[in-house]
Amino acid sequence: MEKVEKPAVSKKMTEDFNSGGHAAKQLVSFDSVFKGYGSNVLLNDVNIVVGRNDSIALIGANGCGKTTLIRLLMDEESVDSGIVKVSSNVKIAYMPQIIRFDDENATILETLRNATGLPEDKNRSILVSFRFRADDVMKKVGNLSGGERSRLKLCLLMQNKANFLILDEPTNHLDIESREWIEEAVTDFNGTLLFISHDRYFLNKFASRIWSMKDGNITDFHGGFDEFLEFSVAVKEPELSKPEKKEKKSTVKEKQPTVIKISVEMLIYETETELKKINEEIEAKIINAEYERLNLLYEKKHGLEERIEILYSEWVENGGDGDA
């Protein structure tokens, strides 16, 4: 399938992280693939290709078939019809959303040693680069936090010299430090990337191509996530505006509002609370693939962020005095 700048919606679309060697120009191709469960059609005669060094974000509402597509690609499920072709020199590393290890009672050091067969000193050296130091390596993997599990899983994946990395919600439920570490690790990867995410920052940072799944079809968009949102809004038919109701003129003299002095701290708190609500709404819209409203929400978000900066500057100028 030739790379196109404009997207098309169709049923027929054609040391750290060391690469596993030269990959084919086309790593994976879906040829007239159909997959469904009863009346629920997830892939309807889909033709699409994963190219060498692509960085693809797979997005869509929950239940649209994202995980099924990955399972088909990894030969963990079979198609109802059509063919999924994977190049012979593709080495896949897959990090699922829920990370489990073969032996949850094993220590970090034992888990890596079982995977590599290397001497203890070499394994300890590897683990240091993944921020497992000293006594950390003796922790049982069953007791690890979400961030620690992600780091250990990536450590194991990196030993296989993969050239195709697949991530399922890699930053979900992680603290800020762990999220930043995952982002650094993915940045160092020099192969092909396919990932599922609802994290707008992660989407913007890594996606150069968007696969948007809906109603059994895939919109293949060559561009970043923000560009995809602009496209989604542009193609959405504008809703007819309802005629505004004329406000009745009040015959009663309105009571003048009472002026209340509000502290800068209170304004900051209220604005940050509103910003939190906007962020939650943005995340919900991405999860439900309601892209047409995201631009407006982002505008509100940026406005609130600018207001918070101004309020903090005012607070600092007043020497921390709470009076507005």
Side-chain angles (χ1 to χ4, degrees), residues 15-20 37 57-58 62-63 65-78 86 90-189 191-199 201-202 206 283 287:
E15 337 356 19
D16 286 321
F17 247 137
N18 294 318
S19 173
Y37 299 95
L58 182 58
N62 289 338
K66 301 187 293 295
T67 300
T68 298
L69 184 146
I70 289 177
R71 290 178 64 83
L72 291 172
L73 187 156
M74 297 178 63
D75 199 26
E76 294 181 354
E77 285 196 36
S78 58
V86 180
V90 171
K91 296 180 181 179
I92 296 176
Y94 171 59
M95 190 167 80
Q97 184 174 353
I98 300 174
I99 298 172
R100 296 185 177 92
F101 299 98
D102 293 337
D103 185 356
E104 293 285 324
N105 290 316
T107 65
I108 292 173
L109 183 59
E110 289 170 341
T111 301
L112 181 59
R113 185 173 59 210
N114 292 338
T116 65
L118 296 172
E120 181 173 322
D121 59 340
K122 178 61 176 176
N123 285 318
R124 283 182 176 273
S125 177
I126 293 172
L127 288 169
V128 166
S129 64
F130 289 83
R131 299 183 184 177
F132 292 114
R133 300 180 177 86
D135 294 340
D136 286 345
V137 302
M138 303 311 296
K139 290 182 179 179
K140 290 187 176 182
V141 296
N143 297 329
L144 298 181
S145 67
E148 290 171 327
R149 296 179 79 86
S150 295
R151 279 191 278 135
L152 180 56
K153 184 65 175 180
L154 276 178
C155 176
L156 296 172
L157 293 175
M158 289 181 185
Q159 309 315 308
N160 297 326
K161 298 186 181 297
N163 53 21
F164 186 14
L165 178 62
I166 302 176
L167 306 173
D168 189 351
E169 297 285 4
T171 60
N172 207 17
H173 307 305
L174 296 185
D175 55 57
I176 294 175
E177 183 179 359
S178 297
R179 288 161 65 102
E180 290 176 347
W181 189 91
I182 292 291
E183 290 162 8
E184 290 175 8
V186 174
T187 299
D188 290 339
F189 179 63
T192 300
L193 179 65
L194 173 65
F195 64 93
I196 299 173
S197 181
H198 295 129
D199 183 336
Y201 180 82
F202 196 90
F206 293 108
E283 183 175 351
I287 290 174

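Along the sequence shown, the residues carry numbers beginning at 1. Predicted, not measured: the structure shown is a model, and the values here were computed from it.
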How would you list, by chain and number, every residue that makes a ring-ring contact (aromatic ring centres under 6.0 Å, His included) with F132, sequence neighbours excluded?
none

Residues in ring-ring contact (aromatic ring centres under 6.0 Å, His included) contact with F206, at least two apart in sequence or another chain
F202

Provide the full list of salt bridge (Lys or Arg N to Asp or Glu O under 4.0 Å) pairs with a residue in residues 165-177, sequence neighbours left out, each pair given once.
R131-E177

Listing request: all salt bridge (Lys or Arg N to Asp or Glu O under 4.0 Å) pairs with a residue in residues 114-126, at least two apart in sequence or in separate chains.
E120-R124

Sequence-distant partners of [X], side chain to side chain donor-acceptor pair (under 3.5 Å), two or more places apart:
{"X": "E180", "answer": "none"}
{"X": "T187", "answer": "none"}
{"X": "S197", "answer": "none"}

Does the side chain of [Y] come within less than 4.5 Å of [X]'s, by heavy atoms?
{"X": "T171", "Y": "Y201", "value": "no"}
{"X": "I70", "Y": "I196", "value": "yes"}
{"X": "Q97", "Y": "T67", "value": "no"}

Should Q159 and L112 be marked as a side-chain contact (heavy atoms from CB on, under 4.5 Å) after you check the CA-CA gap, both sets of side-chain angles, and the distance that decides it?
CA-CA 9 Å; Q159 309 315 308; L112 181 59; 4.2 Å; yes

Does [X] have any side chain to side chain contact (heavy atoms under 4.5 Å, CB included) partners at least two apart in sequence or in another chain, and if so, which?
{"X": "D103", "value": "N105, A106"}
{"X": "S125", "value": "none"}
{"X": "A115", "value": "L156"}
{"X": "T68", "value": "K35, Y37, L42, L72, E77"}

Can you see which heavy atom on [X] is nearest to which on [Y], and at what distance?
{"X": "L127", "Y": "C155", "result": "CD2-SG, 4.2 Å"}
{"X": "M74", "Y": "I166", "result": "CG-CD1, 4.3 Å"}
{"X": "A162", "Y": "A93", "result": "CB-CB, 3.5 Å"}
{"X": "L157", "Y": "M95", "result": "CD1-CB, 4.0 Å"}
{"X": "N123", "Y": "L118", "result": "ND2-O, 2.9 Å"}

To the nearest 0.5 Å, what is the distance between [atom1] on [X] and [atom2] on [Y]?
{"X": "M138", "Y": "T107", "atom1": "CE", "atom2": "OG1", "answer": "4.5 Å"}
{"X": "L69", "Y": "R71", "atom1": "CG", "atom2": "CZ", "answer": "12.0 Å"}
{"X": "Y94", "Y": "L165", "atom1": "OH", "atom2": "CG", "answer": "11.5 Å"}
{"X": "L109", "Y": "L152", "atom1": "CG", "atom2": "CG", "answer": "10.5 Å"}

Qualifying side-chain hydrogen bond (donor to acceptor under 3.5 Å, both in side chains) pairs with a residue from residues 142-158, counting only residues at least two apart or across chains:
E104-R149, K139-E148, S145-E148

Between I108 and L144, does a side-chain contact (heavy atoms from CB on, under 4.5 Å) hold up when you go through it step by step?
CA-CA 9 Å; I108 292 173; L144 298 181; 3.8 Å; yes

More than 12 heavy atoms of other residues, nucleotides or ligands under 6.0 Å from CG of N62: yes or no?
yes

For side-chain contact (heavy atoms from CB on, under 4.5 Å), just list the numbers for T192 and N163, CA-CA rounded to whole Å, side-chain angles, deciding distance to a tenth of an Å, and then say yes or no.
CA-CA 6 Å; T192 300; N163 53 21; over 6 Å; no

side-chain contact (heavy atoms from CB on, under 4.5 Å) between L194 and F164: does it pass, once the steps are laid out?
CA-CA 8 Å; L194 173 65; F164 186 14; 3.8 Å; yes

